[in-house]
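Worksheet for the structure shown next.
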Amino acid sequence: MATLKSSANPTARALIAWYDRHHRKLPWRTTPTMAAKGLRPDPYHVWLSEVMLQQTTVQAVKAYFAKFLSRWPTVDDLAAAPNEDVMAAWAGLGYYARARNLKKCAEVVSGTHGGVFPDTEEGLRTLPGIGDYTAAAIAAIAFDRQAAVMDGNVERVISRLHAIDAPLPGSKPEMKRHVAAMTPAERPGDFAQAMMDLGATICTPKRPACALCPFRGECLALEGDDPERFPVKAAKKEKPVRQGAAFVAVSGDGLILLRRRPEQGLLGGMTEVPTTGWTARMDGETGVTAAPFPAEWQPAGTVTHVFTHFELRLSVYRAGPLSLPSGVHGFWEPVTKLDGLALPTVMKKAIVQAIPNAFPTNKG
DNA sequence: GACGCGTGGTC
DNA sequence: TGACCAAGCGT
């Protein structure tokens, strides 16, 4: 793993030297040694990991990455998979539009590009679910392109390095210019991953380990003695509380009533138990009177779940064992086979509230 | 440019 | 313990 040529800027050289010693070993990566020899990671692996990592921690992604690769070893396999299988495999990871776009993207790459990913930032940028960050990351990491990669980690590093007082997201273009100016022609993929590793392990949001940082001699935020002040961000809005009811109906032979949510919007395309609308106030029609069918609905407690932009308090009602009512919208599934379904976490919570042992393999 | 969009970990 | 945050994207 040769250090960068002296023609590269000294900041990038210092970072790459740090990365060669301290890089994280992750399942979707090749080592710097391999990268330096020109060995590239599989673009399918890079793409899959990058999409999963959007707003999601490395720890949470690892198991999902392994499961997807095991089940769909190539982009063609994923393209050929049923939507429902992909949504079920993604269940629990959140931001389900990513899974819908993942499937669409696989279909385009497999059907239109012969199973080969575009090898430029511009080409990648046209694919579903691939935005500015992901296009640059795949281009740099998988195809050795000199692309400026900027995610939340990089924003933090850059904002501190230059002590940028202007708040995000307005300051993004300025930061992007700094990243582009730093990015070397040699090993741009390792440079990008090094910036992100630095942000994740040294230049952390709280209590950064500045003494160990390869930029400690040139960091303006450290010089100003308060690195934690950066990045400056616009104030965020407070989260409203919404309320609703969820109905867990179980038949005499152990079937539970489920529905599929609309493709668009919150939890789009995922499976749910019947619920009322989720509104600011619990009034009139939003209570037990809005059950999917008449039955002796018993209160089973409440579940609280925090989404990105609101907090949900669900009153859970249970009915059963009962004989299957007719004319009910939805489908009935064995309570013993819920694990294979596309149930988002909030719905698992509601089901567990009514049926404590519904997911015996999970904590509960 | 602002908003909608999940979840689990951390302190 | 509640607030913050994590390899953002689409509209």
Side-chain angles (χ1 to χ4, degrees), chain A residues 23-24 26-29 45-65 87 90-102 104-105 124-142 147 149-157 167-173 176 179 189 192-201 203-207 228 231 233-242 261-270 272 278 304-312 342-349 362-363:
Chain A
H23 64 90
R24 291 180 291 175
L26 300 171
W28 44 86
R29 279 188 176 171
H45 296 192
V46 175
W47 163 70
L48 181 60
S49 66
E50 288 300 343
V51 173
M52 287 183 167
L53 285 162
Q54 289 164 6
Q55 294 288 285
T56 307
T57 58
V58 164
Q59 181 56 33
V61 164
K62 283 180 177 174
Y64 285 86
F65 179 76
M87 297 310 289
W90 195 277
L93 200 53
Y95 285 135
Y96 298 99
R98 293 185 297 171
R100 301 195 293 273
N101 285 327
L102 189 82
K104 286 182 200 160
C105 182
L124 290 159
R125 185 66 179 80
T126 67
L127 295 168
I130 298 186
D132 288 340
Y133 161 77
T134 305
I138 298 174
I141 297 169
V149 176
M150 190 170 76
D151 73 330
N153 287 305
V154 178
E155 288 171 0
R156 190 165 54 252
V157 172
L168 284 167
S171 52
K172 249 180 159 175
K176 186 79 173 271
V179 178
Q193 294 179 95
M195 287 287 277
M196 294 189 279
D197 275 20
L198 188 72
T201 64
C203 195
T204 50
K206 303 295 179 189
R207 299 173 56 88
E228 275 190 27
K233 295 186 178 181
K236 49 190 66 171
K237 306 188 341 182
E238 80 175 281
K239 269 177 200 184
V241 175
R242 297 187 198 172
R261 291 178 63 85
E263 289 299 316
Q264 304 292 329
L266 184 73
L267 308 177
M270 299 296 283
E272 67 173 358
W278 302 341
T304 296
H305 189 80
V306 181
F307 290 96
T308 310
H309 53 298
F310 67 93
E311 176 182 325
L312 177 64
L343 284 166
T345 297
V346 61
M347 293 301 159
K348 288 188 176 182
K349 282 188 190 176
N362 301 343
K363 68 175 193 294

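Lettering of chains follows the sequences in order, A, B, ..., and the numbering in each one begins at 1.
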>> Here's a test of your reading of the structure: between A/P128 and A/T57, which maps to the more 5' nucleotide of DNA chain C?
In response: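 So the residue in question is A/T57.
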
> Hey, which of these two, A/I130 or A/R156, hits DNA chain C nearer its 5' end, going by closest nucleotide?
Replying inline: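 On the 5' side of the pair lies A/R156.
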
Once you round to the nearest 0.5 Å, how far does [atom1] of [X] lie from [atom2] of [Y]?
X	Y	atom1	atom2	value
A/S49	A/K62	OG	NZ	12.5 Å
A/R242	A/F310	CZ	CZ	4.5 Å
A/L267	A/M87	CG	CE	9.0 Å
A/M196	A/L53	CE	CG	8.5 Å

Within the 4.0 Å heavy-atom criterion, would you say [X] contacts the bases, only the backbone, or no part of the nucleic acid?
X	result
A/G92	sugar-phosphate
A/K206	nothing
A/W90	nothing
A/R24	base
A/L267	sugar-phosphate
A/S49	nothing
A/L26	base

>> Can you check the distance between C/dC4 and B/dG6, where both ends of the measurement are the C1' atom (answer in whole Å)?
In response: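 After rounding to an integer number of Å, I get 15 Å for this pair.
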
> If the P atom of B/dC11 is compared with that of C/dA7, how far apart are they to the nearest Å?
Replying inline: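 Taking atom P in both B/dC11 and C/dA7, they lie 15 Å apart.
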
Provide, to the nearest angstrom, the distance between the [atom1] atom belonging to [X] and the [atom2] atom belonging to [N].
X	N	atom1	atom2	value
A/E272	B/dG6	CD	P	13 Å
A/M270	B/dG6	CE	P	9 Å
A/K233	B/dG1	NZ	P	17 Å
A/L266	B/dC3	CG	P	17 Å
A/R242	B/dG6	CZ	C1'	14 Å
A/L168	B/dG1	CG	P	12 Å
A/M52	B/dG6	CE	C1'	15 Å
A/Q55	B/dC3	CD	P	16 Å

> Which of residues 304-312 of chain A sit near DNA chain B, with a heavy atom under 4.0 Å from it?
Replying inline: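 Within residues 304-312 of chain A, the residues near DNA chain B are A/H305, A/V306, A/F307, A/T308, A/H309.
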
Quiz: residues 91-102 of chain A side-chain donor-acceptor pairs under 3.5 angstrom, not counting sequence neighbours:
{"unit_1": "A/Y96", "atom_1": "OH", "unit_2": "A/G92", "atom_2": "N", "d": "3.1"}
{"unit_1": "A/R98", "atom_1": "NE", "unit_2": "A/Y95", "atom_2": "O", "d": "3.4"}
{"unit_1": "A/R98", "atom_1": "NH1", "unit_2": "A/V51", "atom_2": "O", "d": "3.1"}
{"unit_1": "A/R98", "atom_1": "NH1", "unit_2": "A/M52", "atom_2": "O", "d": "2.8"}
{"unit_1": "A/R98", "atom_1": "NH1", "unit_2": "A/Q54", "atom_2": "O", "d": "2.9"}
{"unit_1": "A/R98", "atom_1": "NH1", "unit_2": "A/T56", "atom_2": "OG1", "d": "3.0"}
{"unit_1": "A/R98", "atom_1": "NH2", "unit_2": "A/T56", "atom_2": "OG1", "d": "3.3"}
{"unit_1": "A/R98", "atom_1": "NH2", "unit_2": "A/L93", "atom_2": "O", "d": "3.2"}
{"unit_1": "A/R98", "atom_1": "NH2", "unit_2": "A/G94", "atom_2": "O", "d": "3.1"}
{"unit_1": "A/R100", "atom_1": "NE", "unit_2": "A/E263", "atom_2": "O", "d": "3.4"}
{"unit_1": "A/R100", "atom_1": "NH1", "unit_2": "A/G268", "atom_2": "O", "d": "2.8"}
{"unit_1": "A/N101", "atom_1": "ND2", "unit_2": "A/A97", "atom_2": "O", "d": "3.3"}

>> I'd like to know whether A/R29 forms a side-chain contact (heavy atoms from CB on, under 4.5 Å) with A/R24, so could you lay out the CA-CA distance, the side-chain angles of the two residues, the decisive distance to 0.1 Å, and finally the verdict.
In response: CA-CA 9 Å; A/R29 279 188 176 171; A/R24 291 180 291 175; 3.8 Å; yes

> Of all residues at least two apart in sequence or in a different chain, which pass the salt bridge (Lys or Arg N to Asp or Glu O under 4.0 Å) check with A/K172?
Replying inline: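 Once residues adjacent in sequence are excluded, the partners of A/K172 under the salt bridge (Lys or Arg N to Asp or Glu O under 4.0 Å) criterion are A/E155.
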
>> Applying salt bridge (Lys or Arg N to Asp or Glu O under 4.0 Å), can you list everything that pairs with A/D132, at least two apart in sequence or on another chain?
In response: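 Counting only residues at least two positions away or on another chain, A/D132 forms a salt bridge (Lys or Arg N to Asp or Glu O under 4.0 Å) with A/R125.
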
> Taking it one step at a time, do A/L343 and A/M270 satisfy side-chain contact (heavy atoms from CB on, under 4.5 Å)?
Replying inline: CA-CA 6 Å; A/L343 284 166; A/M270 299 296 283; over 6 Å; no

>> Using side-chain heavy atoms (C-beta onward) and a distance below 4.5 Å, is A/H309 in contact with A/K239?
In response: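 Sidechains of A/K239 and A/H309: no contact.
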
> If you pin A/P173 and A/L343 to their nearest nucleotides in DNA chain B, which one's is more 5'?
Replying inline: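 Checking each residue's closest nucleotide, the 5'-ward one belongs to A/P173.
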
> Quick one: on DNA chain B, does A/P169 or A/Q54 contact a more 5' nucleotide (nearest heavy atom)?
Replying inline: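 Looking at the nearest nucleotide for each, A/P169 comes out on the 5' side.
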
>> At a heavy-atom distance below 4.0 Å, which nucleotide of DNA chain C is the first touched by chain A, and which is the last?
In response: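 Range of nucleotides touched by chain A: C/dC5 to C/dG10.
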
>> Tell me every residue that passes side-chain contact (heavy atoms from CB on, under 4.5 Å) with A/T204, counting only those two or more places apart in sequence or in another chain.
In response: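 Result, side-chain contact (heavy atoms from CB on, under 4.5 Å) vs A/T204: A/P208.
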
>> Can you tell me whether the side chain of A/T56 and the base of B/dG6 have a donor-acceptor pair closer than 3.5 Å?
In response: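 Side chain to base: pair found, below 3.5 Å.
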
